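Below is one structure; the comments refer to it alone.
Values in this document were obtained by computation on a predicted structure and should not be read as measured data. Numbered from 1 within each chain, the chains take letters A, B, ... in sequence-line order.
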Number of protein chains: 2
Amino acid sequence: MMAEKKNKPTEAELDILTILWEQGPSSVRIVNVKLNKMRSVGYTTTLKQLQIMHEKGLVSRVNDGRTHIYTAERGKEETQKQLLDRLLEAAFGGSASKLVMQVLGNHKSSRKELEEIKKLIQKLEEDHS
Amino acid sequence: MMAEKKNKPTEAELDILTILWEQGPSSVRIVNVKLNKMRSVGYTTTLKQLQIMHEKGLVSRVNDGRTHIYTAERGKEETQKQLLDRLLEAAFGGSASKLVMQVLGNHKSSRKELEEIKKLIQKLEEDHS
DNA sequence: TTGCTTCTACGACGTTTGTCGTATATATTT
DNA sequence: AAATATATACGACAAACGTCGTAGAAGCAA
């Protein structure tokens with residue numbers, strides 16, 4: 001594998017990435033409007049944020065006339081994994097099961113979701129053999 | 001319930017909290033020595049860090065002669081829950097099961113750990129009835 | 001054409017984070 | 001007692017974060 005950039009998105013950046021994942025490639029304007037549905041933030045703030053994210057390589061952009069269209073460079077799952085790994089190490093001493101028990105114990109999940117998890121565990125146990 | 005302080009520990013603070021959880025009430029010296037086993041950091045840095053954490057209410061302290069003995073004010077589980085909740089909302093849209101599937105899929109767990117998780121799910125499903 | 005709107009670029013600024021250095025008081029050692 | 005070691009307190013500082021304001025180009029509307 002390659003030496004990868006360990007660009008961990010900040011909180012604010014994560015909000016923007018989430019919008020790009022949902023919305024697909026978007027202009028600053030669009031991102032800003034969506035962003036303002038969760039918290040109040042000026043247009044130039046969002047612009048600057050996206051510019052910095054572009055420098056960091058978190059997003060790419062193409063020109064559409066004079067406006068830029070931004071696209072999330074890293075997939076949702078990849079980013080989730082990165083953040084989760086960090087928390088796992090920092091707060092749970094690397095024990096995935098401790099983390100899982102915590103989150104399952106504290107948050108309601110539907111029966112269907114629990115079934116899915118059980119199924120996954122089943123498969124993992126088979127691989128274990 | 002009361003309006004609580006939402007003092008989320010930073011990365012560095014979390015390292016120190018982890019040490020206090022493991023070690024129990026400790027002096028700056030002890031924390032610093034343990035801390036240096038994971039990364040290089042000066043004594044006064046650790047001191048300052050603990051002083052700030054004290055201001056924030058993350059740790060309490062008592063005097064033992066002229067040295068201060070610091071104690072984690074918030075329990076391990078409580079802090080883990082706080083950090084986990086934050087990530088759950090920020091990166092997983094609040095879906096606990098998505099988070100669980102991610103972490104289980106990406107990190108090896110022993111058969112015993114998987115059993116424990118299954119047992120927990122069993123109990124959750126019973127409560128569901 | 002003259003103005004309003006909508007872009008990007010860029011600089012500035014207050015905060016937070018993490019890091020130390022220095023000053024000063026108190027023990028400990030020689 | 002003098003020198004050395006160890007504590008706390010406090011100030012400084014660079015880098016990262018998040019926030020905007022302003023400038024200037026490009027497009028649209030009167």
Side-chain angles (χ1 to χ4, degrees), chain A residues 5-20 25-71 79 82-83 86-87 90-91, chain B residues 5-20 25-71 79 82-83 86-87 90-91:
Chain A
K5 301 192 179 174
K6 314 189 57 181
N7 282 335
K8 44 179 175 182
T10 66
E11 297 276 323
E13 288 171 346
L14 193 54
D15 287 341
I16 291 179
L17 282 179
T18 301
I19 289 172
L20 290 179
S26 312
S27 65
V28 176
R29 178 64 58 187
I30 292 182
V31 171
N32 182 247
V33 167
K34 296 284 175 190
L35 203 50
N36 270 280
K37 297 194 171 163
M38 43 173 95
R39 63 193 163 85
S40 178
V41 61
Y43 177 84
T44 51
T45 302
T46 304
L47 171 63
K48 181 78 172 208
Q49 205 84 100
L50 279 164
Q51 285 171 343
I52 290 171
M53 290 171 76
H54 182 236
E55 281 173 20
K56 289 192 188 174
L58 288 173
V59 298
S60 61
R61 70 184 186 191
V62 295
N63 285 50
D64 175 28
R66 66 187 172 124
T67 93
H68 290 158
I69 303 296
Y70 290 86
T71 307
T79 305
Q82 183 188 17
L83 294 172
R86 190 143 56 97
L87 182 61
Chain B
K5 300 190 181 176
K6 316 189 60 183
N7 282 336
K8 43 180 176 183
T10 66
E11 297 276 324
E13 287 171 347
L14 194 54
D15 286 341
I16 291 179
L17 283 178
T18 301
I19 289 172
L20 289 179
S26 313
S27 66
V28 176
R29 178 64 58 186
I30 292 182
V31 171
N32 182 247
V33 168
K34 297 283 175 189
L35 204 50
N36 269 279
K37 296 194 172 165
M38 45 172 94
R39 62 193 163 84
S40 176
V41 61
Y43 177 84
T44 51
T45 302
T46 304
L47 171 63
K48 181 78 173 211
Q49 205 80 221
L50 278 165
Q51 285 171 343
I52 290 173
M53 290 171 77
H54 182 234
E55 281 173 18
K56 289 191 189 175
L58 288 173
V59 298
S60 60
R61 71 184 185 190
V62 295
N63 285 48
D64 174 28
R66 68 186 171 124
T67 93
H68 290 157
I69 302 298
Y70 289 87
T71 307
T79 305
Q82 183 189 16
L83 294 171
R86 190 144 56 98
L87 182 61

Atom-to-atom span, [atom1] of [X] to [atom2] of [N] - whole angstrom:
X: B:N32; N: D:dT6; atom1: CG; atom2: C1'; value: 13 Å
X: A:D64; N: D:dA26; atom1: CG; atom2: P; value: 16 Å
X: B:L17; N: C:dG18; atom1: CG; atom2: P; value: 12 Å
X: A:L58; N: D:dG18; atom1: CG; atom2: P; value: 12 Å
X: B:H54; N: D:dA7; atom1: NE2; atom2: P; value: 18 Å
X: A:I16; N: D:dG18; atom1: CD1; atom2: P; value: 9 Å
X: B:N63; N: C:dA25; atom1: CG; atom2: P; value: 17 Å
X: A:M53; N: D:dT19; atom1: CE; atom2: P; value: 13 Å

Can you give one letter per nucleotide of nucleotides 12-17 of chain D, 5' to 3': B if a protein heavy atom sits under 4.0 Å from the base, S if only from the sugar-phosphate, - if neither? -----S

Contacts satisfying salt bridge (charged side-chain N to carboxylate O under 4.0 Å, His left out) that involve residues 39-54 of chain B (not counting sequence neighbours) are B:D15-B:R39

Using the 3.5 Å cut-off, write out each protein N or O paired with an N or O of nucleotides 5-8 of chain C and the distance between them.
| residue | atom | partner | partner atom | Å |
| --- | --- | --- | --- | --- |
| C:dT6 | O2 | A:R66 | NH1 | 2.6 |
| C:dT6 | O2 | A:R66 | NH2 | 3.1 |
| C:dC7 | OP2 | A:R29 | NE | 2.6 |
| C:dC7 | OP2 | A:R29 | NH2 | 2.7 |
| C:dT8 | OP1 | A:H68 | N | 3.0 |
| C:dT8 | OP2 | A:Y43 | OH | 2.8 |

Could you report the tightest heavy-atom contact between B:Q49 and B:I16, atom names first, then the distance? CG-CD1, 3.4 Å

Residue pair A:T79 / A:P9: nearest heavy atoms and the distance that separates them: CG2-CG, 3.9 Å

Any side-chain heavy-atom pair of A:H68 and A:N63 under 4.5 Å: yes

Are the side chains of B:R61 and B:Q51 in contact, using a 4.5 Å heavy-atom criterion? yes

Just to verify, what does [X] make a side chain to side chain contact (heavy atoms under 4.5 Å, CB included) with, not counting sequence neighbours?
X: A:T10; result: A:A12, A:E13, A:K56
X: A:D64; result: A:T67, A:I69
X: B:A90; result: A:L14
X: A:T71; result: A:P25, A:S60

With sequence neighbours excluded, residues passing salt bridge (Lys or Arg N to Asp or Glu O under 4.0 Å) with B:R86: A:E11

If you look only at distance, which donor and acceptor atoms sit under 3.5 Å apart when one is on a side chain in residues 27-34 of chain B and the other is two or more places apart or in another chain?
| residue | atom | partner | partner atom | Å |
| --- | --- | --- | --- | --- |
| B:S27 | OG | B:I30 | N | 3.3 |
| B:N32 | OD1 | B:N36 | ND2 | 3.4 |
| B:N32 | ND2 | B:V41 | O | 3.2 |
| B:N32 | ND2 | B:G42 | O | 3.3 |
| B:N32 | ND2 | B:T46 | OG1 | 2.7 |

Polar atoms only, N or O, under 3.5 Å: list the protein pairs with nucleotides 13-15 of chain C and their distances.
none

